[in-house]
Amino acid sequence: MAGLFRKVYDWLLRTFWATEMDVTMIGLQNAGKTSLLRVLSGAEFTIDSIPTVGFNMKRVQRGHVTLKCWDLGGQPRFRPMWERYCRGVNAIVFIVDIADMDLLPMAREELHALMCNPTLEGIPLLVLGNKSDLPDKLSVDELIDAMDLKNIAHREVSCYGISAKEETNLDAVIQWLMKFAHK
Ligand SMILES: Nc1nc2c(ncn2[C@@H]2O[C@H](COP(=O)(O)OP(=O)(O)OP(=O)(O)O)[C@@H](O)[C@H]2O)c(=O)[nH]1
Ligand SMILES: [Mg+2]
C-alpha cells in the first residue's frame with residue numbers, strides 16, 4: 001500500500017511540480033566529465049570514452065527535477081566556448097582529475113580565468129575531484145589548496161571527491177545540485 005502511495009505521490013510531483021535546471025560541466029580534457037554524465041544518466045562506465053568534440057547534452061531525472069546537463073569538450077580549442085555555455089545556468093560543475101598532478105596548475109588557471117567573468121557572477125560552483133579510485137591522488141583538502149578555491153568569491157563554492165568509475169559520492173553531487181533547482 002505504501003508503495004502505491006509513493007508512486008501516486010511521485011506522479012503528482014512530476015506532473016504538477018516538474019522543474020528543469022541547467023547544469024554545465026567543464027574541466028580539462030580527460031578529467032571524466034562525459035564518464036560522470038554517462039553514469040549519472042544510468043549508463044555503464046566505460047574505460048574507452050571518446051574525447052568530446054564541442055559539447056554533448058543529457059537529461060538526468062531525479063524525482064520531479066530534470067537536470068539538463070551540458071558536457072563541454074575540455075581540449076584547449078573548446079575552452080573559449082565554456083563561458084557562453086555557463087551563462088545563466090543554475091550551477092557550474094568543474095571536474096578535475098585528482099590523479100594527474102601535471103595538469104593541476106592548468107586546471108586552476110582555467111577555472112580562475114572563467115570565474116573572473118562578470119557574466120558568471122553568483123553562479124554556484126561545484127568542484128569535483130574525480131578518479132578517487134586511483135592510488136596516487138589528492139585528498140579534498142589538497143585539491144581545495146591546489147585549485148585555490150578559497151580565493152573564488154561572489155558565489156557558493158563546494159568541493160567533493162568522487163569516482164565516476166566506482167560511482168562513489170554521486171548522490172552527494174545530485175543533492176548539492178538540486179539545492180539550486182529554483183534560482
Ligand atoms: N580510474 C578512473 N578513470 C576514469 C574515471 N572517470 C573517467 N575515467 C577515464 O578517464 C578518461 C577520460 O574520460 P572522459 O569522461 O572521456 O573525460 P572528459 O573530461 O569528458 O574528456 P574531454 O571530453 O576530452 O574533455 C577515460 O579513459 C575514462 O574511462 C574514474 O572515476 N576513475
Ligand atoms: Mg568528454
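Counting from 1, the numbers follow the sequence of the chain as shown. One-based numbering, in listed order, for ligands and for the atoms of each.
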Please indicate whether Met81 has more than 12 foreign heavy atoms, meaning atoms of other residues, nucleotides or ligands, lying under 6.0 Å from its CE.
yes
Is there a continuous path of hydrophobic side-chain contacts, each under 4.5 Å between heavy atoms, that joins Phe45 to Leu134?
no
Residue and atom name of the nearest protein heavy atom (relative to atom 13 (O) of ligand 1), distance in Å to one decimal:
Ser35 OG, 3.5 Å
So if I count the atoms of ligand 1 from 1 in the order they appear, which ones are less than 4.0 Å from some heavy atom of Pro51?
23 (O), 24 (O)
Residue, atom name and distance, where the atom is the protein heavy atom closest to atom 12 (C) of ligand 1
Asn30 OD1, 3.1 Å
Asp148/Arg108 salt bridge by N-O under 4.0 Å criterion
no
shortest atom 32 (N) of ligand 1-to-protein heavy-atom contact is with Asp133 OD1, 2.8 Å
Within-cut-off N or O pair, Asp71 and ligand 1, under 3.5 Å:
no
Would one find an N or O of Thr34, backbone or side chain, under 3.5 Å from an N or O of ligand 1?
yes
Using a plain distance cutoff, I'd like to know if Gly32 has any nitrogen or oxygen under 3.5 Å from a nitrogen or oxygen of ligand 1.
yes
More than 12 heavy atoms of other residues, nucleotides or ligands under 6.0 Å from CG of Leu4: is that the case?
yes
Salt bridge (Lys or Arg N to Asp or Glu O under 4.0 Å) between Lys33 and Asp71: does it pass, once the steps are laid out?
CA-CA 6 Å; Lys33 302 174 290 295; Asp71 158 30; 5.5 Å; no
Atom 16 (O) of ligand 1: which protein heavy atom is closest, and how many Å away?
Ser49 OG, 2.6 Å
With the threshold set at 4.0 Å, does a side-chain nitrogen-carboxylate oxygen contact exist between Glu44 and Arg38?
no
Going by the side-chain contact (heavy atoms from CB on, under 4.5 Å) test, name the single residue among Leu36, Ile92, Thr52 that passes it with Met25.
Leu36
Suppose we measure from atom 27 (O) of ligand 1 to each protein heavy atom; which comes out shortest, and what is that distance?
Ile47 O, 2.7 Å
Salt bridge check: are Arg79 and Glu110 linked by an N-O gap of less than 4.0 Å?
yes
Pair Lys179, Glu156 - check salt bridge (Lys or Arg N to Asp or Glu O under 4.0 Å), show working.
CA-CA 11 Å; Lys179 286 195 298 183; Glu156 181 161 339; 3.2 Å; yes
Protein contact to atom 6 (N) of ligand 1 [nearest heavy atom, distance to 0.1 Å]:
Asn130 ND2, 3.1 Å
What do you reckon, does Leu134 have a nitrogen or oxygen under 3.5 Å from a nitrogen or oxygen of ligand 1?
no
Can you pull out the closest protein heavy atom to atom 10 (O) of ligand 1? Residue, atom name and distance to 0.1 Å, please.
Lys131 NZ, 3.0 Å
Tell me which protein heavy atom sits closest to atom 19 (O) of ligand 1, plus the residue, atom name and distance to 0.1 Å.
Lys33 NZ, 2.7 Å
For Ala31 and ligand 1, answer yes if some heavy atom of the residue is under 4.0 Å from a ligand atom, otherwise no.
yes
Worked verdict on Cys69 versus Leu40 for side-chain contact (heavy atoms from CB on, under 4.5 Å):
CA-CA 10 Å; Cys69 298; Leu40 286 178; 5.6 Å; no
Compute the minimum heavy-atom distance from Leu37 to ligand 1 and say whether it is under 4.0 Å.
no
Heavy atoms only: which of Thr52, Ile26, Thr46 lies closest to atom 23 (O) of ligand 1?
Thr52
Between Gln175 and Arg62, a side-chain donor and acceptor under 3.5 Å:
no
How many angstroms lie between CH2 in Trp11 and NE2 in His64, if you round to the nearest 0.5 Å?
15.5 Å
Decide, counting backbone as well as side-chain atoms, whether Asn56 has an N, O or S atom less than 2.8 Å from the Mg ion (ligand 2).
no
The Mg ion (ligand 2) as vertex, arms to OG1 of Thr34 and OG1 of Thr52: angle to 10°?
90°
Out of curiosity, is Phe78 lining ligand 1, as in a heavy atom under 4.0 Å away?
no
Can you tell me if an N/O/S atom from Ser35 lies under 2.8 Å from the Mg ion (ligand 2)?
no
So if I count the atoms of ligand 1 from 1 in the order they appear, which ones are less than 4.0 Å from some heavy atom of Ala164?
6 (N), 31 (O)
Ion pair check, Arg59 and Glu20, cut-off under 4.0 Å
yes
